[in-house]
Amino acid sequence: MNGIHDMGGMHGFGPVEPEANEPVFHAPWEARVLALRRAAGAWRRWNIDAGRHSIETLPPADYLRLTYYEKWFESVIKLLLGAGLVTPQELASGRRDPAVPVATPPLTADKVMPAILAGSPTVRATSAKPRFTVGQAVRARGINPGGHTRLPRYVRGRLGTIECDHGAHVFPDSNARFEGEKPQFLYTVRFAARELWGETANPVDTVHLDLWEDYLDAA
Amino acid sequence: MNGIHDMGGMHGFGPVEPEANEPVFHAPWEARVLALRRAAGAWRRWNIDAGRHSIETLPPADYLRLTYYEKWFESVIKLLLGAGLVTPQELASGRRDPAVPVATPPLTADKVMPAILAGSPTVRATSAKPRFTVGQAVRARGINPGGHTRLPRYVRGRLGTIECDHGAHVFPDSNARFEGEKPQFLYTVRFAARELWGETANPVDTVHLDLWEDYLDAA
Amino acid sequence: MSKGHDSDHGHDHGQDHEEHSALSETALRVRALESLLVEKGLVDPAALDAIVDAYQSKIGPRNGARIVARAWSDPAYKAQLLKDATSAIAGMGYSGAQGEHMVVVENTPSVHNLVVCTLCSCYPWPVLGLPPVWYKSSAYRSRAVIDPRGVLREFGLALPDEVAVRVWDSTAEIRYLVLPERPAGTEGMTAEALADLVTRDSMIGTAKVAAP
Amino acid sequence: MSKGHDSDHGHDHGQDHEEHSALSETALRVRALESLLVEKGLVDPAALDAIVDAYQSKIGPRNGARIVARAWSDPAYKAQLLKDATSAIAGMGYSGAQGEHMVVVENTPSVHNLVVCTLCSCYPWPVLGLPPVWYKSSAYRSRAVIDPRGVLREFGLALPDEVAVRVWDSTAEIRYLVLPERPAGTEGMTAEALADLVTRDSMIGTAKVAAP
């Protein structure tokens with residue numbers, strides 16, 4: 001979707017404001033949101049792409065107004081409700097529906113570090129051959145999917161060069177819709193800053209994006 | 001600027017929600033904001049393009065959150081302060097600085113309807129010849145000006161056809177910066193919906209924009 | 001349909017509501033600014049009243065409806081309107097602010113026109129008055145150019161694929177008025193009676209004119 | 001520099017503040033959700049504590065600094081790191097969530113690398129921990145790709161025009177770590193001492209590593 005989250009190249013957000021000696025969390029609840037999202041994710045009722053899409057589909061005014069962990073919190077509620085793990089009634093009352101049996105959490109404390117260290121790799125074995133080769137000229141497609149996509153608007157229609165082949169990776173557009181991983185080749189594509197932004201950009205500067213085959217045409 | 005106001009083609013704002021029997025104003029203060037902006041504008045200390053830019057440069061979260069007349073109100077305050085017609089101290093206290101002489105309003109009640117009916121035409125006589133002719137193929141430039149511009153992002157880099165020549169009009173990009181009207185030819189340019197949005201668009205649909213010469217290249 | 005105007009979503013986890021937030025505080029601030037500008041002699045309160053009155057009672061979609069009705073009734077006027085809308089509309093007494101340069105686009109059985117301003121909310125004030133809230137909404141501004149048929153469906157207008165949708169994005173000071181199709185069953189009606197049929201939305205392009 | 005974190009702008013005419021709004025109400029809501037999920041047996045509170053502890057005390061930019069220091073000290077390791085960062089980093093004990101597929105990009109006198117995620121806030125957690133607020137801000141996400149040199153100047157880093165700026169927009173599950181230039185005057189320092197010089201920002205690309 002051409003959502004508010006797709007903000008590469010926008011103006012008007014003001015200066016970047018680093019915070020000296022920034023703590024990892026600014027309040028204990030932020031840490032709990034991080035942990036809740038991760039622990040609830042262990043039920044595998046959604047995937048990382050669906051999780052991102054649930055943030056992207058927050059009302060745009062909220063997306064800009066809420067803090068990062070506030071967005072995560074709103075998103076995890078949407079995900080829990082969408083997956084049926086929690087009912088609206090339970091959320092409103094704060095109490096378990098007694099008709100639903102108490103579950104057993106899949107993620108226990110002893111499994112936390114192993115799960116973090118294992119992660120969730122997205123590379124997949126494939127017998128397919130890559131459509132593009134390193135050095136090849138490609139054009140990012142001028143598509144405007146209404147659902148989740150990782151092709152930012154600022155490169156659509158622009159000419160780039162294949163810089164690296166990362167093998168086949170889970171395709172976020174289908175995965176976010178729970179329509180399967182549909183792994184396909186992922187490439188780092190190099191774009192000249194001038195191709196993206198016009199003649200006022202520095203001629204030696206480049207922007208590099210990781211793009212799937214379905215986002216690209218041979219140029 | 002690639003601001004939050006440049007929302008053509010975005011997803012995520014939900015359905016359009018018409019209001020049955022909508023009143024002209026939803027509250028008396030909305031009418032007063034409209035009138036204040038118009039009456040203060042009669043001082044000619046800013047122009048319509050600078051006025052638009054003052055709205056576009058509101059913080060993006062506010063731009064989405066505030067109502068139309070709330071934005072106008074925040075904008076007129078910026079314009080009044082920027083023009084020096086009101087000082088920050090006066091705004092804070094709500095009282096006139098007694099050191100500043102009382103002015104005489106340029107717009108009186110008797111002049112209101114004549115001023116509305118006259119408007120502010122933007123066409124300008126020119127001895128220049130138009131660079132493009134009706135029917136000619138043109139490409140909207142891939143520029144990203146940081147200041148005010150009326151070239152939406154969704155047509156940049158796209159191929160269109162000159163449909164109408166409107167003569168020379170005030171150029172908003174320079175006018176908004178108080179750098180002069182720099183009139184130049186303005187054209188209606190027709191773009192196929194498929195050129196803008198990809199193959200899923202209806203093949204007979206078109207989008208038409210009024211674009212100045214500095215926004216266009218011969219294709 | 002008026003959900004966007006309720007004040008039942010608070011600021012905290014609000015929907016993307018666009019109107020009527022913090023109404024009373026804003027009203028107070030507006031009053032304070034007006035008072036300051038009047039005290040400084042920058043604005044004349046009677047001029048403010050006159051501006052409000054102009055848009056509250058004088059300038060509205062009835063103007064556009066009269067243009068449309070005359071164009072339906074008078075082929076020569078219609079030809080002039082489509083050739084030089086600004087002068088044809090001025091000839092009916094409508095001109096000026098936010099309608100200095102007018103273009104009229106005609107709906108036909110094979111072409112449907114829709115007007116939007118994606119960058120702000122440009123609108124032909126002399127003929128339609130001030131724009132409705134939905135026209136100024138992020139939803140309309142964002143979607144009219146990428147999904148005009150979806151927007152029209154929400155307005156109850158499902159167009160066949162073969163009807164060309166022409167969207168007019170008002171990026172300059174040209175203002176667009178849609179000349180809707182004259183409905184069947186209106187033969188012999190007076191221009192005044194025809195004008196009663198013409199809705200604001202039909203002149204923006206989000207509706208057709210219904211038969212009487 | 002920490003203006004973005006003050007709570008002195010209210011919701012009413014706030015700046016585009018991004019952090020710490022409505023803190024106490026949110027804290028209460030988070031507590032209620034945790035309590036509900038624990039009651040339902042969906043999450044284990046001890047697992048929550050372990051997750052918080054992992055990112056609070058175990059996983060942070062010190063990990064990345066050790067990688068950088070070793071690459072500076074050990075040419076064979078550096079070569080491996082630039083060729084297959086995922087395995088070279090795993091060899092140091094860092095791997096997993098949000099760093100499953102790593103790429104290391106090297107700064108040189110003629111090339112400066114900068115990492116961003118315009119679409120959300122992807123960041124190499126195993127080597128840098130959780131991202132700072134500025135990295136997640138709309139300002140950084142929007143500007144890093146269109147105005148990287150302006151962003152770098154705000155960080156105090158003015159690069160000559162002839163130095164190529166390479167921006168890495170993390171649009172997939174590849175995560176990027178910048179290998180900064182080893183500063184002068186560090187000859188003979190131990191890897192541990194070198195790691196003390198390496199800042200988080202230098203591994204994102206918004207800073208160079210200062211000489212000791």
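Quick note: numbers below take in every heavy atom, side chains included, and nothing from hydrogens, waters or symmetry partners. Just so it is clear: chains get the letters A, B, ... in the order the sequence lines come, proteins before strands, and each one is counted from 1.
Electrostatic pairing of B:D97 and C:K40 does not count as a salt bridge here, judged by no charged N lying under 4.0 Å from a carboxylate O. Using a 4.0 Å cut-off between a side-chain N of Lys or Arg and a carboxylate O of Asp or Glu, C:D49 and B:R32 qualify as a salt bridge. Electrostatic pairing of C:E173 and B:R52 counts as a salt bridge here, judged by a charged N lying under 4.0 Å from a carboxylate O. A salt bridge is defined here as a Lys NZ or Arg NE, NH1 or NH2 lying under 4.0 Å from an Asp or Glu carboxylate O, and C:R29 with B:E74 meets this definition.
Judged purely by atom type and a 3.5 angstrom limit, C:T171 has no side-chain atom pairing as donor or acceptor with the backbone of B:L209. At least one donor-acceptor pair under 3.5 Å links the side chain of C:E100 to the backbone N or O of B:S120. A donor-acceptor pair is defined here as one N or O able to donate and one able to accept, closer than 3.5 Å; no such pair exists between the side chain of B:R150 and the backbone of C:L119. The backbone N or O of C:A172 sits nowhere less than 3.5 Å from a side-chain atom of B:H169 that would complete a donor-acceptor pair.
For B:N202, the part lying near chain C is the side chain, with the backbone staying farther off; criterion is any non-hydrogen pair under 4.5 Å. For a residue to count as touching a neighbouring chain, one of its non-hydrogen atoms must lie under 4.5 Å from one of that chain's; by this rule C:S170 touches chain B with the backbone only. Neither the backbone nor the side chain of C:P126 comes within contact range of chain B; no heavy atom of the residue lies under 4.5 Å from a heavy atom of that chain.
Your options are B:G9, B:A103, B:G119, and the one with the most heavy-atom pairs under 4.5 Å with chain C is B:A103. Per-residue counts of heavy-atom pairs under 4.5 Å with chain B were compared for C:Q56, C:R31, C:K58; the largest is that of C:Q56. The greatest number of non-hydrogen atom pairs below 4.5 Å with chain B, out of C:V52, C:V38, C:L114, is found for C:V52. Note: B:W43 leads B:F191, B:Y63, B:W43 in heavy-atom pairs under 4.5 Å with chain C. With respect to chain B, the highest number of heavy-atom pairs below 4.5 Å among C:S35, C:A32, C:G96, C:S142 belongs to C:S142. Of the residues considered (B:I4, B:L211, B:V24, B:T122), B:T122 shows the highest number of contacts with chain C, using heavy-atom pairs under 4.5 Å. Put simply, of B:G14, B:P23, B:G3, the one with the most heavy-atom pairs under 4.5 Å next to chain C is B:G14.
Distance check: B:F13 CZ to C:Y140 OH gives 15.5 Å after rounding to the nearest 0.5 Å. Between atom CG of residue B:L36 and atom CD1 of residue C:I51 there is a gap of 8.5 Å, rounded to the nearest 0.5 Å.
Considering all non-hydrogen atoms of both residues, C:S138 and B:L64 come closest at OG-CD2, 4.1 Å. Scanning both residues, B:L117 and C:G93, for their nearest heavy atoms gives CD2-O, 4.0 Å. Annotation for B:E19 and C:W134: closest pair N-CD1, 4.4 Å, computed over non-hydrogen atoms. Between B:G94 and C:E39, the closest heavy-atom pair is O-OE1, 3.9 Å. Heavy atoms only, all atoms of each residue included: C:V43 and B:P105 are closest at C-CG, 3.7 Å.
When each of C:R166, C:H112, C:R149 is paired with B:D205, the side chain to side chain donor-acceptor pair (under 3.5 Å) condition holds for C:R149 and for no other.
Other residues, nucleotides and ligands place more than 12 heavy atoms under 6.0 Å from the CZ atom of B:R124.
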